[in-house]
Colleague: 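Below is the structure I would like to discuss, written out as structure tokens.
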Amino acid sequence: MKLLSVVGTRPQFVKAAALSPVLGKKHDEILVNTGQHYDYELARAQFDALGLREPEYNLDVGSGTHARQTASMMVILEDAMLKEKPDLVVLYGDTNSTLAGALSASKLGIPLAHVESGPRQHDLRIPEEINRVIADRLSFLRFAPTGHTVENLRNEGITEGVHLTGDVMYDIFLKTRSKIEERSGILDQYGVSHGKYILMTLHRPHNSDNKTALQEVMNGVRASGERVLFPVHPRTLVNLERFEMMAELKRDSNISLVKPVDYLDMVTLMRNARIIVTDSGGVTREAYFCEVPSVSIEEVTPWPEVAEAGWSQVTGADADRIANALENFAPRGPRLPIFGDGDACGKIVDIISSLEDK
Ligand code: UD1
């Protein structure tokens, strides 16, 4: 079969690095990078670290308002789809690149396969939630990573084409584990040692574009007095400057702002952290893979299974709750295989391949 896969942001490069090589063994895959993420640290550095192959199409869509960004992606994705005439379009996650791919393909009548179908935060003010709901509704194959994601789809009346496969992010984590061991130099580079620091990421618009939320999170981690390593997303950096919070942060010796790091360095930093503070769904899951507890600064996490397993505490952007979690939260339960057996990609490719017989 001829497949066309759409990527464009940092988490999608990670997911495609898991699935694309497995898909490529059985099918002809055209990889399209929308260019939604264009900074070296978010894009090219990830390709290099993950060994993701050069896409057939590198579009240059860049940033913009949601409508402008999504609309320009739709136009160029439509051109690529008309030219390539794929049998199936493969989409990942919940970004504007996912949404644009879903709309362009479905308007052309091309069936869609959605990898990471079903997570929900039950809040349509979150842009990713809008993207998830639309991509899931329009898809023909829905690859759900966990039991909860299957349940969320069922609650919306979606039962057809739903396949519980496990999480492709767990596959790539297992696959790259040996390389991660080799990256231990990153700890020296940042002057941190095993189990002796907090790792933090923050980039969701409701946290990073909101001065009060940003201040609450900073106050919460500052109160710990522990060393905090904070690879800053470009969006968050712009806002820290806009809200005039940089001077205060620079004075603060316990929070170190560093550039975003590539996937292998990031997982190395996660594995060695005492605890992780994040609003990223990907990092919450990866913390669990690494057997490191996490604090979710989301009001509602899209991955409640990690909290239910006793490995994450959900605090929202609330300084006192964050400080309390950093002081008292300790993981409780055994580590259940909630994200599958590490062969989500094999299952996805088998399901796609079975279409050929139909
Ligand atoms: C996007 C996704 C989010 C994903 C995240 C991972 C959407 C709606 N959001 O959020 O689901 O978890 O990527 O990082 O698709 N910017 C740069 N350099 C870049 C990219 C972005 O400076 O390479 C800045 C720009 O100021 C831009 C802002 O970040 O306006 C937002 O970028 P955007 O691509 O809209 O979303 P992210 O916040 O990165």
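Just follow the structure's listing: the first ligand is 1, and inside any ligand the first atom is 1. Computed from a predicted structure; not experimentally measured.
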Colleague: Which residue and atom name correspond to the protein heavy atom nearest atom 39 (O) of ligand 1, and how close is it?
Modeller: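 For this ligand atom, the closest protein heavy atom is H37 NE2, 2.6 Å.
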Colleague: Does H66 reach ligand 1 with a nitrogen or oxygen that is under 3.5 Å from one of the ligand's nitrogen or oxygen atoms?
Modeller: no
Colleague: Of all the non-hydrogen atoms in the protein, which one sits nearest to atom 27 (C) of ligand 1, and at what distance?
Modeller: S63 OG, 3.2 Å
Colleague: Kindly say whether I158 contributes a backbone atom to a donor-acceptor pair with the side chain of R142 at under 3.5 angstrom?
Modeller: no
Colleague: For E41, is the nearest heavy atom under 4.0 Å from an atom of ligand 1?
Modeller: no
Colleague: So is N131 polar-close to ligand 1, meaning N/O to N/O under 3.5 Å?
Modeller: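 Such a contact does not occur with ligand 1.
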Colleague: Can you say whether the rings of H203 and H233 are parallel (under 30°), tilted (30 to 60°) or perpendicular (over 60°)?
Modeller: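 Geometry flag for H233 against H203: parallel rings.
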Colleague: Is the shortest N/O to N/O distance between Y38 and ligand 1 below 3.5 Å?
Modeller: yes
Colleague: Side chains of L199 and P231, heavy atoms from C-beta outward: is any pair under 4.5 Å?
Modeller: yes
Colleague: So which heavy atom in the protein is nearest atom 22 (O) of ligand 1, and how far is it from that ligand atom?
Modeller: P234 CB, 3.2 Å
Colleague: What is the nearest protein non-hydrogen atom to atom 8 (C) of ligand 1, stated with its residue, atom name and distance?
Modeller: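 Of every protein heavy atom, N96 OD1, 3.4 Å lies nearest to atom 8 (C) of ligand 1.
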Colleague: Can a salt bridge be assigned to the pair E356 and K26 using a cut-off of 4.0 Å between side-chain N and carboxylate O?
Modeller: no
Colleague: For E29 and S5, does a side-chain donor sit closer than 3.5 Å to a side-chain acceptor?
Modeller: yes
Colleague: Does only the side chain of P11 get under 4.0 Å from ligand 1, or the backbone, or both, or neither? Count heavy atoms.
Modeller: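 Side chain only.
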Colleague: Relative to ligand 1, is E128 under 4.0 angstrom through side chain, backbone, both or neither, heavy atoms considered?
Modeller: side chain
Colleague: So which bit of L42 gets within less than 4.0 Å of ligand 1, heavy atoms only: side chain, backbone, both or neither?
Modeller: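 It is the side chain that touches ligand 1; the backbone stays farther off.
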Colleague: Are any of the N or O atoms of T9 closer than 3.5 Å to those of ligand 1?
Modeller: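 No, since none of the N or O atoms of T9 sits under 3.5 Å from an N or O of ligand 1.
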Colleague: Over 60° means perpendicular and under 30° means parallel, so classify the ring planes of W311 and Y288, tilted if in between.
Modeller: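 Perpendicular: the ring planes of Y288 and W311 meet at over 60°.
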Colleague: Which option wins on minimum heavy-atom distance to atom 24 (C) of ligand 1: R235, Q12, Q36?
Modeller: R235
Colleague: What protein heavy atom sits nearest atom 5 (C) of ligand 1, and how far off is it?
Modeller: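 Ranking protein heavy atoms by distance from atom 5 (C) of ligand 1, first comes H203 NE2, 3.5 Å.
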Colleague: For the residue pair F47 and P55, establish whether any side-chain heavy-atom pair is separated by less than 4.5 Å.
Modeller: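 Contact flag for F47/P55 side chains = yes.
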Colleague: Under 4.0 Å from any heavy atom of D94, which atoms of ligand 1 are there?
Modeller: 11 (O)
Colleague: Say whether S63 and Y38, considering side chains only, have a donor N or O and an acceptor N or O under 3.5 Å apart.
Modeller: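 Yes - a donor-acceptor pair under 3.5 Å links their side chains.
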Colleague: When you check the gap from the basic side-chain N to the acidic O, do K259 and D39 get nearer than 4.0 Å?
Modeller: no
Colleague: Which atoms of ligand 1 have any heavy atom of Q69 under 4.0 Å away?
Modeller: 34 (O), 35 (O)
Colleague: For T278 and T201, which I'm curious about, is there any donor-acceptor pair between the side chains at under 3.5 Å?
Modeller: yes
